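None of these values were measured; they are calculated from a predicted model. Here is how names work: the chains are called A, B, and so on, in the same order as the sequence lines, proteins then strands, and each is numbered from 1.
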Amino acid sequence: MADKISMVVSEGTFDKAMMPLIMGQTAAAMGMEVHVFYTFFGTKLVTKKANPKLPGMWRLFTGMFRNRMKKVGTPGYMEFMKQTQDLGVNIYACSTTMGLMGVKNEDLLPGVKVLGAAAFLKLAAESKTTLFIG
Amino acid sequence: MADKISMVVSEGTFDKAMMPLIMGQTAAAMGMEVHVFYTFFGTKLVTKKANPKLPGMWRLFTGMFRNRMKKVGTPGYMEFMKQTQDLGVNIYACSTTMGLMGVKNEDLLPGVKVLGAAAFLKLAAESKTTLFIG
Amino acid sequence: MADKISMVVSEGTFDKAMMPLIMGQTAAAMGMEVHVFYTFFGTKLVTKKANPKLPGMWRLFTGMFRNRMKKVGTPGYMEFMKQTQDLGVNIYACSTTMGLMGVKNEDLLPGVKVLGAAAFLKLAAESKTTLFIG
């Protein structure tokens, strides 16, 4: 059975958006089973309107960061997310915070599953590594 | 022996305040032994004056978030913390940062224990899952 | 073989800068093998120009925090980092984000190794505890 890795993403900024995708694709390429759970501000990242920016005063530099990522071959956020899902990475929206964040089922990207905190904690307990990304 | 889960909370914002309580109550209901360690800005969350707000420009929306949580049956922060402790979740203040944050023993909520980094790392090493929340 | 602990640092603020050093020194003193991986905004913390400040409006209080740490015997950031390395803690800069953050090999502090995400995830999978610090 493949080693499991699980991640939580609770922030919606560009940096916190990229990290689970970079880590997720890397782990999937290493043969791991990957589970990423989006909660609180992270919930926005798995909706059709996702368009993450850098935090605070860094916000203005988001375009520069995007260009630099493009230069090293990283696609735009939406395509990067799609690629990650195509590699078999499991993407979940936290059912507890969807209402809180005003996110409805029909707002979610295709392939995103809705999951509760208990089901996620079970996945985390089975995982070799769990990363709480912001 | 029950599976252990441990968490660190280093931010004092409303979102980072709610997550260990939601996760902690869920894990306790699943029969896990739960340890939550509050450090740096998180230390304020285990004092009698705790009144967490959302971060940055989200601050103004704290009331709206609180109302939405109330609607789904989540109590106010102080009552939620008390409920969590009553479920057997262990709450610790980091001894190293209490002085740094200007938090004294008498400022702590009832039932909060003072713990050092070494003792926490020991608990983390024994845990199936460790989440560093912000 | 010694127990491993691994950490990720993705923020460059004073609080997030101190935590891996406090935790790292403590874990090393407990006989653990420690690995700290600096990525995104964290990458700045392992360069010769590192000079971390508190986040947002807390920035102005950085000096006060530094003085309070000095009073309890914690050295300044650069000396604290050097001490941590001398205790055998392994410090890595994330190769994927060095370009993104404009950090070159010659900018890195002595002793800092360059590591990719895959190599880090392998270390994390071997670790008893992994902390994602901001």
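- Taking chain B as the reference chain and counting heavy-atom pairs below 4.5 Å, the highest number among C:Lys16, C:Lys128, C:Met57, C:Met64 is found for C:Lys16.
- For chain B, the option among C:Leu131, C:Asp15, C:Asn67 with the highest count of heavy-atom pairs below 4.5 Å is C:Asp15.
- Residue B:Ser95 holds its OG atom at 7.0 Å from CG of B:Leu115, rounded to the nearest 0.5 Å.
- Among B:Thr39, B:Thr130, B:Leu100, the residue with the largest count of heavy-atom pairs under 4.5 Å with chain C is B:Leu100.
- When heavy atoms are compared at a cutoff of 4.5 Å, B:Glu11 approaches chain C solely by way of its side chain, counted from C-beta outward.
- With B:Thr129 contributing its side chain and B:Ile5 its backbone, the two residues share no donor-acceptor pair below 3.5 Å.
- In this structure, chain B has a heavy atom under 4.5 Å from the side chain of C:Met18, while its backbone stays farther away.
- In this structure, B:Lys49 and B:Asn51 have side chains that are not in contact, with every pair of non-hydrogen atoms separated by 4.5 Å or more.
- Between B:Val34 and B:Met7 there is a side-chain heavy-atom pair separated by less than 4.5 Å.
- If you measure heavy-atom distances from C:Phe132 to chain B, the contacts under 4.5 Å come from the backbone alone.
- With a 4.5 angstrom heavy-atom cutoff, C:Met30 touches chain B only via side-chain atoms.
- Looking only at side-chain heavy atoms (C-beta outward), C:Gln25 and C:Thr74 stay at 4.5 Å or farther from each other.
- When side chains are defined from C-beta on, C:Ile91 does not count as touching C:Leu109, because their heavy atoms never get closer than 4.5 Å.
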